[in-house]
Amino acid sequence: MTEKTEYTIGIDIGTTSTKAVLFDAAGKVAATANEGYPLYTPTPSVAEQDPEEIFAAVVSSVGQAVRKAGVPPERIRFVSCSSAMHSVIPVDASGKPLMRCITWADNRSAAWSRRLRDEMGGLELYLRTGTPVHPMSPVAKLLWLRHDKPDIFERAAKFVSVKEYVLARLFGRYVVDYSIASATGLFNLSRLDWDEEALSIAGVTPDRLSELVPTTYTLRGIRDANSAAEMGLLPSTPFVVGASDGVLSNLGLDAIDPGVVAVTIGTSGAIRTVIDEPATDRKGRYFCYALTEDKWVVGGPVNNGGVIFRWVRDEFAASETETAKRLGISPYDVLTRIAERVRPGADGLLFHPYLTGERAPLWNPDARGSFFGLTLHHQKEHMIRAVLEGVVYNLYTVMLAMQETTGVPKRIKATGGFARSPLWRQMMADIFNQSVVVPESYESSCLGAVVLGMKAFGEADAFARVRGMVGTTHEHFPNPEAAGIYRELLPIFVRVSRQLEEEYESIAKFQQKLFSAEA
């Protein structure tokens, strides 16, 4: 470490953990730390976090990263923040949470979401705010709180996201960046302000929400010296408010030029591209969220990514998993080797991966998974391959909706746990019929936060510089024969999910009745 070296920190407050990454001036990772916390799911419809556990994880992860690198606090130029979207915490006048944080995955507002869509002008609300009508949306969560938890709703002085809560604990101010605000269903995209009709539907006034600020807005003066010390920072270390994890992932992957699409498959998944003006879809199939005042991200999140592969591992492949353990290799590597034995298209077996309902493109919490085309010819390896293909098929259908606005992609950049699998990377290239590039950096949201911070600190070329920070590890090109097979199967995949829409609702009601009786 030279005398003049400066470092920056990107933090990403996620659904089950917070990650802090310390970067040097060239964008190289100097140290990382990750602090986990539980996602509380006492029933299938509840998904909550403890705000105190998250705040402690932020402080701890930053401190661990700084200590690992041995960087003195005066060398930390700034900290910049990324976080998951759609969270809601009701807090009282003293800032104390009145309940656990309601996360994006919480489905208790499903009935109110349907009413919002069917009876309360949900589509028009989406067209103004860019947030699809779904239980994940804070406007639906506020409707649920207002009508089903009126005591908490009335006692709440403010309704804030998890990032707003953490920053308020550190700086004593409630601020929300345009990016997180644009994922609430309460924010007017064209005016960069709260939408009056949305607030009326939710039953809140602007004073019960945080102050709106640009994503490059900077906070200074950590009020709790102990927290600053635990993080290895000076109380004067500036914090850039930053943006949401999804839009920052695009930035951190250098997927911000026209026609460049980012695809992420972790536990869940998403596909996104950057545009220069906000845009929405008359069918409500994709989101539109802010990155900066003049950069917007359109795309769709899917519930069912790597979580489906884990389900296959646990329910289909117990013996293979045991074999992998004995050999000291990943059970996922064993499963992909099994899937490789099967031809593209799994000999006509399709899998709809809606085991946890689905967001884009269906926006239907009642959607359920299914195999279609199953015959006596099909064996376990066909089912494994069909599951992997089904996850990518679903992401491709989101891209089809997006490209009506953004055009056919020129390039796809892929990241997340799946990107470590050569089979899945090639499968994506074949199904999308596009070349797929895997960037070298896996810290996309944290790197994106830091690049946004560089812009906040006056570096006009910050977005251009990210290209040199990312690098490339793999590039896959479509196999024409496989791509042709997928072109035949994809329309069938789409038609089946559309034709099952009423049946999804029926089977979901049956399952809910069954689970309620057993509870």
Side-chain angles (χ1 to χ4, degrees), residues 15 39-48 86 102-120 122-123 126 131-141 143-145 147-149 185 267-269 283-287 300-312 314-316 350-374 383 386-387 390-391 393-395 397-398 401 492-519:
T15 306
L39 181 67
Y40 295 96
T41 55
T43 73
S45 61
V46 175
E48 297 178 330
H86 313 301
I102 310 171
T103 71
W104 64 268
D106 192 286
N107 263 335
R108 284 173 289 181
S109 61
W112 282 103
S113 177
R114 280 191 289 272
R115 287 190 63 179
L116 180 60
R117 180 191 64 202
D118 298 337
E119 304 170 21
M120 304 165 75
L123 178 60
Y126 155 76
T131 306
V133 178
H134 186 270
M136 72 176 187
S137 173
V139 68
K141 291 175 167 62
L143 273 169
W144 173 75
L145 282 169
H147 294 280
D148 290 49
K149 300 286 184 182
T267 303
S268 56
K283 297 179 182 178
R285 292 169 294 177
Y286 56 74
F287 62 68
V302 300
N303 287 356
N304 301 281
V307 66
I308 305 298
F309 205 11
R310 188 168 67 229
W311 171 75
V312 169
D314 294 343
E315 306 302 333
F316 279 67
L350 299 175
F351 178 72
H352 289 81
Y354 308 135
L355 272 61
T356 60
E358 192 49 281
R359 289 181 286 169
L362 305 180
W363 298 105
N364 186 353
D366 292 336
R368 295 294 183 264
S370 61
F371 285 100
F372 179 76
L374 195 60
M383 300 176 81
V387 166
V391 171
Y393 284 159
N394 192 50
L395 282 162
T397 64
V398 182
I492 304 171
F493 177 90
V494 172
R495 289 197 300 270
V496 169
S497 64
R498 288 175 180 166
Q499 291 169 9
L500 287 176
E501 192 165 340
E502 288 186 13
E503 308 312 327
Y504 287 149
E505 183 178 359
S506 298
I507 198 67
K509 284 181 178 177
F510 172 82
Q511 291 171 342
Q512 288 161 5
K513 182 174 68 175
L514 188 68
F515 293 145
S516 297
E518 292 176 350

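Scope of the values below: all heavy atoms of this structure, side chains included, with no hydrogens, waters or symmetry mates.
- With rounding to the nearest 0.5 Å, the separation of CG in L116 from CG in L123 is 10.5 Å.
- In this structure, W311 and F316 have perpendicular ring planes: the angle between them is above 60°, well past the 30° mark.
- Using a 4.5 Å cut-off on side-chain heavy atoms (C-beta onward), W363 and M136 make contact.
- The side-chain heavy atoms of T131 and V139, taken from C-beta on, include no pair separated by under 4.5 Å.
- Annotation: side chain of Y393 is in contact with side chain of L350 (closest heavy-atom distance under 4.5 Å).
- Taking each heavy atom of G300 and A360 in turn, the nearest pair found is CA-CB, 3.6 Å.
- A side-chain donor-acceptor contact under 3.5 Å links E358 to the backbone of N303.
- A distance of 13.5 Å separates NZ in K141 from CG in D148, rounded to the nearest 0.5 Å.
- Put simply, the side chain of I308 reaches to within 4.5 Å of the side chain of F351, judged on heavy atoms.
- Shown here for P132 and G284, the closest heavy-atom pair between the two residues is CB-O, 4.2 Å.
- Using a 4.5 Å cut-off on side-chain heavy atoms (C-beta onward), H134 and H86 make no contact.
- In this structure, E502 places its CD atom where only 12 or fewer heavy-atom neighbours from other residues, nucleotides or ligands lie under 6.0 Å away.
- K509 pairs by the salt bridge (Lys or Arg N to Asp or Glu O under 4.0 Å) definition with E505, not counting sequence neighbours.
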Item to check | N304 and N394: CA distance, side-chain angles, deciding distance, side chain to side chain contact (heavy atoms under 4.5 Å, CB included) verdict | outcome: CA-CA 9 Å; N304 301 281; N394 192 50; 5.7 Å; no

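- Interatomic distance, CH2 of W112 versus CE of M120, reported as 6.5 Å (0.5 Å rounding).
- Atom CD1 of I102 is separated from atom OG of S109 by 8.0 Å, given to the nearest 0.5 angstrom.
- Put simply, CG on L500 and CG on D366 are 13.0 Å apart, with the number rounded to the nearest 0.5 Å.
- For the residue pair G122 and V133, the shortest heavy atom distance occurs at O-CG2, 3.4 Å.
- Atom CZ of F371 is surrounded by more than 12 heavy atoms from other residues, nucleotides or ligands within 6.0 Å.
- Relative orientation of the H352 and F493 rings is parallel, given thresholds of 30° and 60° on the angle between their planes.
- In this structure the side chain of S113 never reaches within 4.5 angstrom of the side chain of W144, judged on heavy atoms.
- The distance from the OG atom of S506 to the CD atom of Q511 is 11.0 Å, given to the nearest 0.5 Å.
- At least one donor-acceptor pair under 3.5 Å links the side chain of D106 to the backbone N or O of A47.
- Using a 4.5 Å cut-off on side-chain heavy atoms (C-beta onward), V307 and L355 make no contact.
- Cation-pi geometry between R359 and W104 is met: the NZ or CZ atom falls under 6.0 Å from the ring centre, inside 45° of the normal.
- In this structure, the side chain of Y126 engages the main chain of Y286 through a donor-acceptor pair within 3.5 Å.
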